[in-house]
**Q** 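Starting off with a structure, shown below.
Note that the coordinates shown come from a computational prediction; the quantities given were computed from them, not determined experimentally. Protein chains get the first letters and strands the later ones, always in sequence-line order, with residue 1 at the start of each.
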2 protein chains.
Amino acid sequence: MPRARSRRLDQVYGAIASPTRRAILTALAAGEVNVGRLARRFPVSFNAVSKHVKVLERAGLVSRSVRGREHWLRLRAEPLREASGWLARQRVFWDARLDALEVVLRDDAGGR
Amino acid sequence: MPRARSRRLDQVYGAIASPTRRAILTALAAGEVNVGRLARRFPVSFNAVSKHVKVLERAGLVSRSVRGREHWLRLRAEPLREASGWLARQRVFWDARLDALEVVLRDDAGGR
DNA sequence: TTATTATTCAACCGATTGGTAGAATATCGG
DNA sequence: CCGATATTCTACCAATCGGTTGAATAATAA
């Protein structure tokens, strides 16, 4: 795996490891929101939300367009696609291996 | 989302946010390995690897069976399946929304 | 029994994280 | 211009993280 891709994965998984940030993402899935309106929905300070947004932005999951004094946030799907891809590949890989292992174990138990 | 499920997601995404831990998982996909043999493959100390394994274990991604003085590690696929599910659902959801948005923008641009 | 091996546990360190509060900056509305 | 609003920036704090080293524990080998 190329270094850059790996770092991107680090950032994306790190970003979505926080329930607050996952909630922000799902909130953003309904459409563009500015930081203030977004922050009002969460039980933490405005500044905390602003920081979370920055983490999501660094991971490439959110983009920002400044209109006047408001900053409007929008989802970026591409990095999510990569992250989802790694997990999905691993999953099928594991499932195949674990299924195979189970067969071996079952046959082994039945055989003797 | 139930609290327990959310915490599990936190742990899984947190666990795979580290490249070393992702490498451990792919190493483990080839079959059971004990901690020592696993550690020899990585450029960090035995203890560091031992800690990483514990993180993966807490996330439910790895199980351990102690045989004599050796601890053998094995993948657990279930939590990965959940994690992959959340991402996949989000991805589909986003893609749909962003495609729709793109259509709106394109039509808008063409229409006037 | 005694050494050696496999592993965790405990303590420590520096960097990062998630939160706060307050100051600085820029835009909007009167 | 002046006050209110939207936001970031800076500084701080406690907690967690990723790493190290050294001691403790338990099983194997001599």
**Q** For residues B:Val62 and B:Arg76, determine if any side-chain heavy atom of one lies less than 4.5 Å from a side-chain heavy atom of the other.
**A**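 Not touching, per the 4.5 Å side-chain cut-off.
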**Q** Between P on C:dG18 and CD1 on A:Ile16, what's the gap in Å once rounded to a whole number?
**A** 14 Å
**Q** Answer yes when A:Arg81 and A:Glu78 have at least one side-chain N-carboxylate O distance shorter than 4.0 Å, and no when they do not.
**A** yes
**Q** Given atom CD1 of A:Ile24 and atom C1' of C:dG19, what is their separation to the nearest angstrom?
**A** 13 Å
**Q** If the cut-off is 4.0 Å, is B:His52 near the phosphate of D:dC17, judged by side-chain N/O to OP1 or OP2?
**A**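 Result: no.
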**Q** Please give, in whole Å, the distance from D:dT8 P to A:Glu70 CD?
**A**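 Atom CD in A:Glu70 sits about 12 Å away from atom P in D:dT8.
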**Q** Report yes or no: does B:Arg64 contribute a side-chain atom to a donor-acceptor pair with the main-chain N or O of B:Lys54 at less than 3.5 Å?
**A**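 No; judged by distance alone, with no hydrogens or angles, the pair does not exist.
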**Q** Has B:Tyr13 got a side-chain atom pairing as donor or acceptor with B:Ala83's backbone, closer than 3.5 angstrom?
**A** yes
**Q** Taking A:Arg21 for its side chain and A:Gly14 for its backbone only, find out whether a donor-acceptor pair lies under 3.5 Å.
**A** yes
**Q** Can you tell me how far P of C:dT7 sits from CZ of B:Arg40, to the nearest Å?
**A** 8 Å
**Q** Under a 3.5 Å distance rule, please check whether B:Arg91 uses its side chain to pair with a backbone N or O of A:Glu82 as donor and acceptor.
**A** no
**Q** For A:Arg69 and A:Arg64, take the nucleotide of DNA chain D holding the closest heavy atom to each; which residue's nucleotide lies nearer the 5' end?
**A** A:Arg69
**Q** Mind calculating the distance between CG (A:Asn34) and C1' (C:dA26) to the nearest angstrom?
**A** 15 Å
**Q** Can you work out whether A:Phe46 or B:Val55 has the more 5'-proximal nearest nucleotide on DNA chain D?
**A**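 With A:Phe46 and B:Val55 compared, the 5'-side residue is A:Phe46.
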**Q** How long is the line joining CG of A:Leu73 and P of D:dA6, in whole Å?
**A** 14 Å
**Q** How close or far is atom C1' of C:dT27 from atom CH2 of A:Trp72, stated in whole angstroms?
**A**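 Distance check: A:Trp72 CH2 to C:dT27 C1' gives 15 Å.
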**Q** Could you tell me how far apart A:Phe42 (CZ) and C:dT20 (P) are, to the nearest whole angstrom?
**A**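 The answer, rounded to whole Å, is 13 Å.
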**Q** Counting only side-chain nitrogens and oxygens, does B:Ser45 get under 4.0 Å of the OP1 or OP2 atom of D:dG19?
**A**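 So the side-chain polar atoms of B:Ser45 never come under 4.0 Å of the phosphate oxygens OP1 or OP2 of D:dG19.
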**Q** Does a side-chain N or O of A:Ser50 approach OP1 or OP2 of D:dT8 to a distance below 4.0 Å, or not?
**A** yes
**Q** Look for any protein N or O under 3.5 Å of an N or O in nucleotides 9-13 of chain C and output each such pair with its distance, or none.
**A**
from, atom 1, to, atom 2, distance (Å)
C:dC9, N4, B:Asn47, ND2, 2.9

**Q** Taking for each residue the nucleotide of DNA chain C with the nearest heavy atom, is it A:Gly68 or A:Arg58 whose nucleotide lies nearer the 5' end?
**A** A:Arg58
**Q** Scan A:Ile16, A:Val33, A:Leu38 and name whichever one has a side chain to side chain contact (heavy atoms under 4.5 Å, CB included) with A:Ile24.
**A**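 Among A:Ile16, A:Val33, A:Leu38, the one meeting side chain to side chain contact (heavy atoms under 4.5 Å, CB included) with A:Ile24 is A:Leu38.
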**Q** When all nucleic acid strands are considered with a 4.0 Å heavy-atom cut-off, which category describes B:Arg21: base, sugar-phosphate, or nothing?
**A** sugar-phosphate
